[in-house]
Number of protein chains: 2
Amino acid sequence: MTTRWLDDQDLRVWVRMVAVLELLPAQLDSHLRRVADLTYFEYYVLAMLSEAPERSLRMSELAVRTNATLPRLSHVARRLEARGLLQRTTAHDDRRVTMARLTEVGWDKVLVTAPEHVEQVRSLVFDALTPEQVTQLGEITEALLGVLDPEGHMSVPYSRHALDDL
Amino acid sequence: MTTRWLDDQDLRVWVRMVAVLELLPAQLDSHLRRVADLTYFEYYVLAMLSEAPERSLRMSELAVRTNATLPRLSHVARRLEARGLLQRTTAHDDRRVTMARLTEVGWDKVLVTAPEHVEQVRSLVFDALTPEQVTQLGEITEALLGVLDPEGHMSVPYSRHALDDL
DNA sequence: GTGTATTAATTGATAGAACAACTAATACGA
DNA sequence: TCGTATTAGTTGTTCTATCAATTAATACAC
């Protein structure tokens, strides 16, 4: 098997990309833990619900949109429910289905947390880039998602409201 | 506190960026687990050592380069040592210091795994981008690291050898 | 209709990550 | 040179993630 190595330029780009993949989520996660006592994933779950009609989604759909397995989501939902941030109810028409709905407390949590999170995103990402670079980043991420997520599962709530976009 | 929201374009870019941050590491991790029985982080540790002089680094330096805390690295090093992939020895001049060194088996592991990993990186990332986009991605990641890692800790082995670049 | 297959979600067990507490060795100040 | 502070790592505990097994409800074939 002959290996196609990365050429020198690709290599330098990749080293930096790896660093970004490591550092950016870590810093967002750490910020959310500090200001909201939420993991990045927990915040993401709440944010997805907050964008959905009735602030409610069935577990399996929520799992798809957060790229989580159902077991993982189920555990997280149990903890969030214990904290009063969301509520689970069985669907009437199909009693296998569980609907997860944001409570008022959960909604307030998103309302308070989202601005701080957005500010963090802005200062870590958008403030560091020129408008051209933002455009380029949009095209690059689009191209990458063509490979990583051809079905587009993670881009469903594409930009409904401006509130809790991540 | 007045919130500066993201405008519509930034928002769409960010949604996709979030998806990439979630999916790309997950797919690289899952690939490495399958082909090498290594987590992404474990592979990264071995790769960093493989680039270092004597294939050896002190634990604290290795921690900086992998963006890990010392406790985390210590646990991982214990497991890798148990698998015979690296060896830890106390330094003579300062006996507080532990040197982690890649064993022959560990080196072979990197030699076998790196090409498969690089192929995965190529197919998930570089094959999806035009040469211009790769250049742009290089500039963008550089700008981001100016904020995320101003000290440049994670870019130390900048492109010494072409082997085990990630 | 009854039995089987499929779907939706939860539960339980094991492995990994994060944080705090601890140990051991060196540096340093009076 | 004695005591304290600092540095380098490890260990232990708790929380989260992952995978397998299980439960429960619906769909479907005969």
Side-chain angles (χ1 to χ4, degrees), chain A residues 21-23 25-34 36-46 49 56-83 85-101, chain B residues 21-23 25-34 36-46 49 56-83 85-101:
Chain A
L21 291 174
E22 168 68 27
L23 294 170
Q27 293 188 22
L28 294 174
D29 189 77
S30 137
H31 177 256
L32 283 169
R33 282 177 195 267
R34 187 159 44 75
D37 192 28
L38 290 172
T39 66
Y40 187 76
F41 180 71
E42 288 168 340
Y43 174 74
Y44 199 85
V45 167
L46 299 182
L49 284 177
S56 171
L57 286 171
R58 41 189 296 180
M59 293 291 282
S60 47
E61 177 60 23
L62 187 52
V64 168
R65 296 202 192 178
T66 56
N67 190 44
T69 60
L70 219 30
R72 179 184 185 190
L73 179 61
S74 182
H75 281 134
V76 169
R78 178 174 40 70
R79 293 192 286 255
L80 291 175
E81 189 170 36
R83 291 170 64 180
L85 299 173
L86 66 78
Q87 196 174 8
R88 286 180 293 179
T89 54
T90 307
H92 349 290
D93 53 330
D94 185 340
R95 284 164 50 211
R96 288 172 301 185
V97 172
T98 302
M99 301 298 292
R101 194 170 55 77
Chain B
L21 292 174
E22 168 69 26
L23 295 170
Q27 294 189 21
L28 293 174
D29 188 79
S30 136
H31 177 256
L32 283 168
R33 282 176 195 267
R34 187 159 43 77
D37 193 26
L38 290 172
T39 66
Y40 185 77
F41 180 72
E42 287 168 340
Y43 174 74
Y44 199 86
V45 166
L46 298 181
L49 285 176
S56 171
L57 286 171
R58 42 189 297 182
M59 293 291 283
S60 46
E61 178 61 22
L62 188 53
V64 167
R65 296 201 192 178
T66 55
N67 189 44
T69 60
L70 219 30
R72 179 184 184 190
L73 179 61
S74 182
H75 281 130
V76 169
R78 176 173 42 70
R79 279 175 245 152
L80 291 175
E81 189 169 36
R83 292 171 64 180
L85 299 172
L86 65 79
Q87 196 173 9
R88 286 180 293 179
T89 54
T90 306
H92 349 288
D93 52 330
D94 184 342
R95 284 163 52 212
R96 290 172 301 184
V97 171
T98 302
M99 301 299 292
R101 194 170 56 75

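Please read all numbers here as calculations on a predicted model, not as lab measurements. Just so it is clear: chains get the letters A, B, ... in the order the sequence lines come, proteins before strands, and each one is counted from 1. Scope of the values below: all heavy atoms of this structure, side chains included, with no hydrogens, waters or symmetry mates.
- Taking the nucleotide of DNA chain D with the nearest heavy atom to each of B:H75 and B:S60, the more 5' of the two is matched to B:S60.
- Taking atom CG of residue B:L80 and atom P of nucleotide C:dG16, one finds them 10 Å apart after rounding to whole Å.
- Per the geometry, CG belonging to B:L73 stands 13 Å off P belonging to D:dT11, to the nearest Å.
- Between A:R33 and A:S74, it is A:S74 whose nearest contact on DNA chain C lies nearer the 5' terminus.
- For the OP1/OP2 pair of D:dA17 and a distance below 4.0 Å, the side-chain nitrogens and oxygens of A:T69 include no atom meeting the criterion.
- Proximity of A:R79 to the phosphate of D:dT14: no side-chain N or O atom is located under 4.0 Å from OP1 or OP2.
- Between A:M99 and A:R88, the closest side-chain pair of non-hydrogen atoms is not below 4.5 Å.
- Note on A:R88: a side-chain N or O is less than 4.0 Å away from OP1 or OP2 of C:dT10.
- Between A:R78 and the phosphate of C:dT10, there is no side-chain N or O to OP1/OP2 separation shorter than 4.0 Å.
- If you measure from atom CG of B:D29 to atom P of C:dG16, you get 11 Å, rounded to the nearest angstrom.
- A straight line from CG of A:L86 to P of C:dA9 spans 14 Å, rounded to a whole angstrom.
- Between A:L85 and A:L38 there is a side-chain heavy-atom pair separated by less than 4.5 Å.
- The shortest non-hydrogen separation linking A:L70 to A:A63 is CD1-CB, 4.0 Å.
- One interatomic measurement links the two molecules: CZ of A:R58 to P of D:dA25, which rounds to 16 Å at whole-angstrom precision.
- In this model, the phosphate group of D:dT16 is not approached by any side-chain N or O of A:T39 to a distance below 4.0 Å at OP1 or OP2.
- Protein atom CG of A:N67 is 10 Å distant from nucleotide atom P of D:dT18, rounded to whole Å.
- The interatomic distance linking B:L70 (CG) with C:dA24 (P) rounds to 17 Å, in whole Å.
- Where B:P71 and B:D93 each meet DNA chain C at their nearest nucleotide, the meeting point lying more 5' is that of B:P71.
- Listed here is the closest heavy atom pair of B:Y44 and B:T66: CD2-CG2, 3.5 Å.
- Side-chain atoms of B:L21 and A:L21, non-hydrogen and from C-beta on, do get closer than 4.5 Å to each other.
- Taking atom CD of B:E61 as the reference point, atom P of D:dT7 lies 16 Å away to the nearest angstrom.
- For C:dA24, neither phosphate oxygen OP1 nor OP2 lies less than 4.0 angstrom from any side-chain nitrogen or oxygen of B:R95.
- Regarding contacts with the backbone of D:dG9, every side-chain N or O of B:R96 stays at 4.0 angstrom or more from both OP1 and OP2.
- Using a 4.0 Å cut-off, some side-chain N or O of B:R72 falls inside it from OP1 or OP2 of C:dA18.
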